[in-house]
Amino acid sequence: MNGHNSEIDLQIWQVVALIPPGKVATYGDIAAQSGLPGAARRVGLALRRLSSDTRVPWHRVINATGRISLPAGSASSHLQRRKLEEEGLVFGANGRLDLRRFRWTPGNP
DNA sequence: GTACTGACCAGAT
DNA sequence: CATCTGGCCAGTA
């Protein structure tokens, strides 16, 4: 059906779209949920390929340490943090989110 | 085909 | 806490 976009990207985007507001998932989580366990890096690439006006909530994907993985100080990293804060998430003084509180677990709304 | 890269990860130091 | 290390998987040159 879609000859040019990779099926993998579509699959990853669909999974990311499932993360509810106020929750986050790690790159590894998304990879596993997308049927690509261990391919966390592949998730970053898929998100990188999103257009700037996408509806996919890419900002809800962070790394396993609870931090934003985009280059520190970049416009995109600031945007991600702002979007998450708008959803009520609270960053620690060290710039980290508490995954025990905010991590999304599939099938558990 | 090899070699290097990346919005990663877990464990070790 | 900071760094490093090896591993992971797909993309790119």
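Chain naming here is simple, since letters A, B, ... match the order of the sequence lines and numbering starts at 1 in each.
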- prompt: If you look at every heavy atom in A/Gly22 and A/Phe102, which pair is closest and at what distance?
  reply: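 Closest approach of A/Gly22 to A/Phe102: O-CD2, 4.0 Å.
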
task: Could you pull out the closest heavy-atom pair between A/Thr65 and A/Leu99, with the gap in Å?
output: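 The answer is C-CD1, 4.5 Å.
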
- prompt: Under 3.5 Å, is there a donor-acceptor pair between the side chain of A/Lys83 and the main chain of A/His78?
  reply: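 Here the side-chain-to-backbone pair does not exist.
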
message: Just the rounded figure in Å: distance from P of B/dT5 to CG of A/Leu45.
response: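 So the CG-P distance, A/Leu45 to B/dT5, works out to 16 Å.
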
- prompt: Given atom OH of A/Tyr27 and atom C1' of B/dA7, what is their separation to the nearest angstrom?
  reply: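 That distance rounds to 4 Å.
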
field: Sub-4.5 Å side-chain heavy-atom contact between A/Trp13 and A/Leu50
entry: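 Yes. Closest side-chain heavy atoms under 4.5 Å.
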
field: Test side-chain hydrogen bond (donor to acceptor under 3.5 Å, both in side chains) applied to A/Arg82 - qualifying residues, sequence neighbours left out
entry: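 side-chain hydrogen bond (donor to acceptor under 3.5 Å, both in side chains) list for A/Arg82, sorted by chain: A/Glu86.
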
query: What is the nucleic acid contact for A/Ser76, judged by heavy atoms within less than 4.0 Å: base, sugar-phosphate only, or nothing?
result: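 Here A/Ser76 touches no strand at all.
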
- prompt: How is A/Arg81 classified with respect to the nucleic acid when contacts are heavy atoms under 4.0 Å: base, sugar-phosphate, or nothing?
  reply: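 Since no nucleic acid heavy atom lies under 4.0 Å of A/Arg81, the category is nothing.
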
query: How would you give the extent of chain A contacts on DNA chain C, as first and last nucleotide 5' to 3' within a 4.0 Å heavy-atom cut-off?
result: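 Both ends considered, the range comes out as C/dC1 to C/dT12.
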
task: Within residues 55-73 of chain A, find the residues that approach DNA chain B with a heavy atom at under 4.0 Å, and present them sorted by residue number.
output: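 Correct list: A/Trp58, A/Asn63, A/Ala64, A/Ser69, A/Leu70.
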
Which residue pairs pass the salt bridge (Lys or Arg N to Asp or Glu O under 4.0 Å) test with at least one member in [range], sequence neighbours excluded?
range	answer
residues 10-22 of chain A	none
residues 10-22 of chain A	none
residues 55-75 of chain A	A/Arg60-A/Glu87

- request: Rounded to whole angstrom, note down the C1' distance from B/dG6 over to C/dC8.
  value: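 It works out to 12 Å between them.
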
message: Rounding to an integer number of angstrom, what distance separates B/dG1 and C/dA13 when you compare their C1' atoms?
response: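 To the nearest whole Å, 13 Å.
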
